[in-house]
Structures are given as structure tokens and as C-alpha cells.
Amino acid sequence: MKGIHSTFLACFLVSAFACFLASAFDPSPLQDFCVAIDDPKAGVFVNGKFCKDPKLAVADDFFFSGLNKPGNTNNRVGSNVTTVNVDQIPGLNTLGISLVRIDYAPYGENPPHTHPRGTEILVVVQGTLYVGFVTSNPENRLITKILYPGDVFVFPIGLIHFQYNLGSTAAVAFAGLSSQNAGVITIANAVFGSNPPINPDVLTKAFQLDKNVVTHLQSIF
């Protein structure tokens with residue numbers, strides 16, 4: 001009986017260790033780079049993209065030009081985000097990093113949004129920004145700061161955050177994100193502009209608003 005128990009314990013430990021190994025992962029790439037391509041016949045599928053043969057990689061696979069140019073902020077919120085992720089630089093595939101330039105019109109904002117797959121670190125190069133993020137339930141604490149040129153602020157992954165230009169002149173910031181494609185969910189657009197629309201009764205109860213207000217917001221977004 002003792003031998004059976006020992007054997008059972010040994011099998012249990014081996015199984016547990018195997019499960020541990022099976023659930024582990026290596027977040028780092030296992031090669032120098034994996035330049036993304038669209039043709040499945042010309043590469044292998046890694047991290048959401050097909051990769052070209054490393055021997056065929058060229059400088060342009062790791063290059064983007066244009067972040068010196070202001071984005072068009074003539075829109076409802078008065079901001080523009082120029083994204084440089086794996087779709088613009090295929091060499092970013094598997095490297096876990098991307099970049100954006102954000103332009104703000106006077107009193108423009110980058111409205112409340114989240115990045116489901118990346119933390120953001122932002123540096124202001126022009127203007128004065130009021131920035132902040134909200135912690136998760138149940139605390140929902142607002143953490144804010146006024147930033148000036150040269151100031152840096154971090155928005156933790158997945159948390160709702162925003163930037164607002166306090167000045168009467170244009171503002172510019174650059175931000176790095178800890179993902180080749182961090183994704184973005186703009187709160188108002190997602191809630192009031194979903195396709196198909198969320199049942200107004202749901203939003204009326206959730207936001208404690210008059211139903212006419214909800215339908216009006218849905219018509220805007």
C-alpha cells in the first residue's frame with residue numbers, strides 16, 4: 001500500500017510539473033526579428049502575423065517616415081493620433097513595442113480610452129496637457145497631472161485614461177506602448193456607437209440617464 005501511495009504521489013507531482021510547464025510562456029522572441037508579411041506562402045505564422053525569411057529582411061522593414069508632420073485635428077474632439085505599430089513597421093512583429101504621435105488642437109482632447117494590450121508612456125514636447133487615468137473597480141480613483149514640455153507620464157495597461165490640451169495653442173506628445181499593436185477602445189464610441197447599437201434600455205439603466213439622452217448620444221456616435 002505504501003508503494004502505491006508513493007507511486008501515486010510521484011505521478012501527481014510529475015503531472016503537476018507538466019501542467020506548470022504547459023502553462024508557462026516566453027514573452028521574448030526566440031529569434032532576432034520576425035518581419036511581418038501578408039503572403040502566407042512566403043513565411044511562417046508568428047504572433048498574429050506571417051514572417052518573411054530573415055535573410056530577406058531589408059532596412060525598410062524597420063523604418064517609418066512622417067512623425068515630424070502634424071496630424072489633422074479638425075474633428076469633433078480636436079486631436080489626431082498617428083500610429084506607428086506593426087501595420088506600419090512590419091519589423092515590429094513580436095518585439096512588443098510601438099509608438100504614436102498625438103496632436104491636439106487648442107483645448108482639444110484625446111478622449112477617455114483604454115489600450116487592452118499595452119501600457120503607455122507619454123512625453124509632452126509642446127503645450128500643456130491635463131492627463132489622467134482611473135483605477136479599476138471598486139475604487140475608481142482618478143489620478144491626474146498637468147504636464148509641460150519634457151514631462152513624462154505613464155498610463156497602466158487596460159485602464160481608462162485621457163489627455164486634454166489646457167492651452168490656446170496646439171500641443172504635441174509622443175507615446176510608446178508595450179505592444180506591437182496595443183489596440184484602443186474609445187469609451188464613448190464603444191458604448192454609444194457600437195454596431196449594432198446597444199439596447200437603449202441597457203444604457204439608460206447603466207448611466208442613470210433619460211432614455212431620450214441615450215438615444216441622442218447614440219445618434220451622435
Side-chain angles (χ1 to χ4, degrees), residues 17-75 77 79-104 110-126 131 133 152-163 171-187 189-190 193-196:
F17 184 64
C19 289
F20 171 77
L21 291 178
S23 64
F25 69 97
D26 185 350
S28 301
L30 301 178
Q31 57 199 53
D32 288 342
F33 49 78
C34 178
V35 176
I37 56 174
D38 294 324
D39 184 3
K41 296 180 180 179
V44 295
F45 194 70
V46 179
N47 206 29
K49 295 286 185 180
F50 287 96
C51 304
K52 68 162 59 174
D53 185 335
K55 295 184 181 64
L56 302 179
V58 296
D60 281 347
D61 292 328
F62 306 91
F63 174 78
F64 176 86
S65 180
L67 282 190
N68 60 316
K69 300 175 183 177
N72 182 8
T73 59
N74 185 25
N75 53 55
V77 295
S79 70
N80 182 277
V81 179
T82 302
T83 302
V84 184
N85 61 23
V86 68
D87 292 328
Q88 287 73 42
I89 302 182
L92 285 175
N93 191 40
T94 76
L95 297 185
I97 193 170
S98 57
L99 178 71
V100 298
R101 169 182 172 139
I102 313 169
D103 290 278
Y104 311 84
N110 189 12
H113 62 282
T114 72
H115 300 295
R117 295 183 294 275
T119 290
E120 176 179 347
I121 182 167
L122 176 141
V123 58
V124 178
V125 298
Q126 177 183 319
V131 306
F133 63 85
V152 176
F153 197 81
V154 172
F155 304 104
I157 183 172
L159 297 186
I160 295 174
H161 59 283
F162 60 87
Q163 304 105 35
V172 180
F174 290 85
L177 296 121
S178 62
S179 171
Q180 67 183 43
N181 184 5
V184 61
I185 301 171
T186 304
I187 306 306
N189 297 54
S194 67
N195 183 23

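All values below come from the heavy atoms of this structure, side chains included, with hydrogens, waters and symmetry mates left out.
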Which atom pairs, one a donor and one an acceptor, fall under 3.5 Å between side chains of residues 116-124 and the rest of the protein, sequence neighbours left out?
{"residue": "R117", "atom": "NE", "partner": "N181", "partner atom": "O", "Å": "2.8"}
{"residue": "R117", "atom": "NH2", "partner": "N181", "partner atom": "O", "Å": "3.2"}
{"residue": "T119", "atom": "OG1", "partner": "I157", "partner atom": "N", "Å": "3.1"}
{"residue": "E120", "atom": "OE1", "partner": "H115", "partner atom": "NE2", "Å": "3.0"}
{"residue": "E120", "atom": "OE1", "partner": "H161", "partner atom": "NE2", "Å": "3.0"}

For residues 55-73, which side-chain N or O atoms pair as donor and acceptor with protein atoms under 3.5 Å away, sequence neighbours left out?
{"residue": "D61", "atom": "OD2", "partner": "K52", "partner atom": "NZ", "Å": "3.1"}
{"residue": "D61", "atom": "OD2", "partner": "V58", "partner atom": "N", "Å": "2.9"}
{"residue": "N72", "atom": "OD1", "partner": "N74", "partner atom": "N", "Å": "3.0"}

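Between atom SG of residue C51 and atom CG of residue N93 there is a gap of 5.0 Å, rounded to the nearest 0.5 Å. Atom OG of S179 and atom CG of L95 lie 11.0 Å apart (nearest 0.5 Å). Note that the CG atom of D103 and the CG atom of N80 stand 6.0 Å from one another [nearest 0.5 Å]. A distance of 12.5 Å separates CG of N189 from CG of N195, quoted to the nearest 0.5 Å.
Across P156 and V154, no two heavy atoms sit closer than the pair CD-O, 3.7 Å. Considering every non-hydrogen atom in both I160 and P112, the closest pair reads CG2-CB, 3.9 Å.
Using a 4.5 Å cut-off on side-chain heavy atoms (C-beta onward), L92 and I97 make contact. Looking at F155 and Q163, their side chains come closer than 4.5 Å, going by heavy atoms from C-beta outward. Side-chain contact check for T83 versus S98: every heavy-atom pair is 4.5 Å or farther apart. Residues R101 and V172 form a side-chain contact, since some pair of their non-hydrogen atoms from C-beta on lies under 4.5 Å apart.
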